[in-house]
Number of protein chains: 2
Amino acid sequence: MVSASVKDVAALAGVSVGTVSNVLNRPEKVSAEVTVRVQSAIDKLGFVRNDAARQLRAGMSHSIGLVVLDAANPFFTDLARGAEDRATAENLTVLVGNSNEDEGRESAYLDLFEQQRVRGVLLSPVGNVIPRLEQLRRRGIPTVLVDRQTENMSFSSVAVDDLAGGEMAAAHLLSLGRRRIAFVGGPASIRQVADRLAGARKAIDAVAGATLEVIATESLTVLSGRAAGESIRSRPKAERPDAIFAANDLLAVGALQGLMLMGGVKVPQEIALIGYDDIEFAAAAVVPLSSIRQPSALIGSTALELLLREAASEDGFEPAQVVFPPELIVRASTQG
Amino acid sequence: MVSASVKDVAALAGVSVGTVSNVLNRPEKVSAEVTVRVQSAIDKLGFVRNDAARQLRAGMSHSIGLVVLDAANPFFTDLARGAEDRATAENLTVLVGNSNEDEGRESAYLDLFEQQRVRGVLLSPVGNVIPRLEQLRRRGIPTVLVDRQTENMSFSSVAVDDLAGGEMAAAHLLSLGRRRIAFVGGPASIRQVADRLAGARKAIDAVAGATLEVIATESLTVLSGRAAGESIRSRPKAERPDAIFAANDLLAVGALQGLMLMGGVKVPQEIALIGYDDIEFAAAAVVPLSSIRQPSALIGSTALELLLREAASEDGFEPAQVVFPPELIVRASTQG
DNA sequence: ACACAGGAATGAATCGTTTCATAACCAGCT
DNA sequence: AGCTGGTTATGAAACGATTCATTCCTGTGT
């Protein structure tokens with residue numbers, strides 16, 4: 001026999017299946033003596049509940065689905081951990097799917113979650129999934145968008161205010177007295193990049209004499225950042241910016257390398273440098289990097305919180321848009 | 001109505017539930033005309049199969065469980081991707097659990113997977129789980145260990161030969177003519193660290209006049225590596241090693257920073273440096289790092305392969321121990 | 001001695017899908 | 001007309017846990 005069922009347990013303990021179920025789910029309804037008998041039968045048979053049967057009966061699983069853009073990105077692993085911790089407290093499981101920024105994979109995971117009758121879905125969307133999400137909602141499966149606000153406000157979302165983050169970073173550089181600021185980042189089609197730039201521009205426009213130069217990169221990687229840093233280093237001193245705001249920490253780390261190569265530019269004395277995301281590596285860089293921190297785990301737990309609330313509520317649910325403020329982390333790269 | 005069932009579809013299409021099931025699972029057995037009718041009923045009702053019911057009937061889910069030590073470690077995300085790709089091809093889903101090196105969480109995930117009647121489990125174990133795995137096996141759920149070989153050979157495993165990797169790294173340094181070699185790594189209680197050191201020692205002992213110095217670190221992090229690098233830089237030139245083998249790339253990156261700080265030691269001219277893991281960041285370091293590459297995705301897909309084979313086989317299954325050879329990746333940090 | 005309250009245990013019905021033995025139907029052949 | 005073989009469709013049973021209306025006890029109070 002591969003696996004014992006409640007029936008087997010009941011037979012061995014000399015009770016009915018209903019009683020076994022009661023021992024499992026409402027122990028207070030069962031006499032001590034019977035509880036002991038059933039327990040020992042469970043132990044002897046190595047009985048383990050069949051989740052599929054429970055779910056079938058219950059009509060709904062006790063997991064929630066999470067689809068992320070990139071499982072390797074620390075931001076998303078932190079976010080997932082935040083959601084998991086909150087879920088565990090609620091006796092729920094989080095199933096993580098990695099869309100890898102691919103619409104097909106995203107859609108496949110949504111299908112899977114729908115078949116599993118998950119309690120809800122947390123989604124960092126790739127394509128235009130709103131219709132798909134409306135279908136899920138009709139089926140009673142709520143969705144909360146993470147890291148991207150919904151266009152039409154019909155779904156709840158949790159995100160960070162990248163505009164404010166950009167503004168904050170630029171304002172910090174300006175407060176150091178720097179005026180010739182360069183933004184390193186790209187591609188501009190990524191919303192986060194565009195927002196951070198827009199925020200920076202806003203802060204810079206507000207200060208007379210401050211200028212903003214945009215140095216576009218192909219991607220948000222260390223290598224791109226390094227190329228940008230080297231190109232700045234190769235300029236005549238007078239034409240260099242006196243501060244750099246990089247669209248994320250990987251770029252900042254790369255830029256730092258490019259600048260410092262061959263005893264080049266001194267950071268922060270000649271050029272101050274700030275990144276974005278505050279990844280673990282930022283603090284460990286040759287010159288510890290200032291950065292804009294995003295509360296990734298908090299985003300995850302909050303998203304799950306909203307999801308639970310929506311799942312518990314009746315029809316007239318009001319979607320909520322939560323936007324977290326980013327946080328400025330000052331380290332050596334902008335001090336001195 | 002929250003959700004339509006086969007019964008609803010059958011009623012609308014004017015056929016029996018069995019026929020609906022046939023349309024879904026053996027379309028060749030159903031006439032074209034009926035297929036069309038059923039399909040349009042499915043579309044109209046937005047019918048989605050209930051996975052719990054399928055699994056209950058089938059007696060087994062179509063997912064496999066994976067428990068990793070650290071979901072944030074690129075090695076494991078790559079491994080997971082390898083397993084997922086292979087699973088997708090087999091129409092299976094991978095459920096990823098993050099034990100975070102905690103025995104309690106590991107155990108909780110194994111419980112969950114057992115309740116879900118997964119097809120099998122891939123496990124990068126924390127504690128002594130062998131008895132638990134034997135219990136799973138009795139239930140018909142096979143396990144394959146990843147990244148750690150089983151002590152008693154009773155379970156299949158997939159790992160990388162860290163001994164050979166350590167030997168390879170040290171041999172490479174020796175082949176450059178370096179003789180005063182330092183191993184940076186720790187804690188020694190981690191099997192991978194111990195094996196890599198043992199491998200290095202073996203290579204060094206084989207060359208007359210070559211010496212090995214062990215510089216212990218508290219952890220496998222950039223910060224620890226940097227401290228080690230700085231302590232080496234602060235020595236009189238004559239007492240410095242002429243090559244460093246770091247137990248992983250994070251340490252190597254840190255060591256590199258520590259060495260180069262303030263125009264200090266030239267890498268590789270004065271000290272050659274090699275790391276381990278070949279993480280993405282290695283190629284992007286100020287001086288691109290040589291490293292020992294582990295085929296992480298291949299480990300994942302191979303583990304899944306073994307799992308499938310064991311699941312398909314009858315009782316007399318012979319566990320297999322697969323050990324992959326690591327690969328030497330030479331970059332600037334050991335050239336010149 | 002009897003009724004009765006209330007705790008404890010029962011077991012049939014249920015969830016949605018799949019399977020499989022059976023039935024229905026049709027065409028071709030004797 | 002009767003028979004055969006083959007293709008399609010049917011519907012009841014089964015998977016395993018949970019639920020809930022019902023039955024069974026036991027002890028208390030009159």
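Here is the naming used below: chain letters follow the sequence lines, and residue numbers restart at 1 for every chain. Please read all numbers here as calculations on a predicted model, not as lab measurements.
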* Starting from the first five and the last five pairs of the helix from C:dA1-D:dT30 to C:dT30-D:dA1, work out the angle between the resulting helix axes, to 10 degrees. => 70°
* Verify the neighbour count for atom CG of B:N91: are there more than 12 heavy atoms of other residues, nucleotides or ligands below 6.0 Å? => no
* To do: Return the set of residues passing salt bridge (charged side-chain N to carboxylate O under 4.0 Å, His left out) with A:R54 (not counting sequence neighbours), or none when no residue passes.
  => none
Expected list for residues 115-125 of chain B: side-chain donor-acceptor pairs under 3.5 angstrom, two or more places apart:
from   : atom 1 : to     : atom 2 : distance (Å)
B:R117 : NH1    : A:V48  : O      : 3.4
B:R117 : NH1    : A:R49  : O      : 3.2
B:R117 : NH1    : B:E114 : O      : 3.1
B:R117 : NH2    : A:S3   : OG     : 3.3
B:R117 : NH2    : A:V48  : O      : 2.8
B:R119 : NH1    : B:S61  : O      : 2.6

* Residue list, salt bridge (charged side-chain N to carboxylate O under 4.0 Å, His left out) with B:E84, at least two apart or on another chain -> A:R105
Sort me out a list of protein N/O and nucleotides 23-28 of chain C N/O pairs below 3.5 Å, or just none if empty.
none

* To do: In whole angstrom, give the distance that lies between atom CD of B:Q55 and atom C1' of C:dT17.
  => 12 Å
* Structure fact -> Those residues at least two apart in sequence (or on a different chain) that pass salt bridge (charged side-chain N to carboxylate O under 4.0 Å, His left out) with A:D51 are none
* **Residue pairs, two or more places apart or on separate chains, that pass side chain to side chain donor-acceptor pair (under 3.5 Å) and touch residues 294-304 of chain A** => A:D277-A:Q294
* Asked: Sequence neighbours excluded, which residues qualify as side chain to side chain donor-acceptor pair (under 3.5 Å) partners of B:D162?
  -> B:R196, B:Y276
* Asked: Which letters describe nucleotides 4-17 of chain D, given B = protein heavy atom under 4.0 Å from base, S = only from sugar-phosphate, - = neither?
  -> ----SSBB--BBBB
* To do: Could you pull out all residues at least two apart from A:E33 that satisfy side chain to side chain donor-acceptor pair (under 3.5 Å)?
  => A:R37
* Check salt bridge (charged side-chain N to carboxylate O under 4.0 Å, His left out) between B:D111 and all other residues, then give those that pass, not counting sequence neighbours. => B:R132
* Not counting sequence neighbours, which residues clear side chain to side chain donor-acceptor pair (under 3.5 Å) with A:T88? List them please. => none
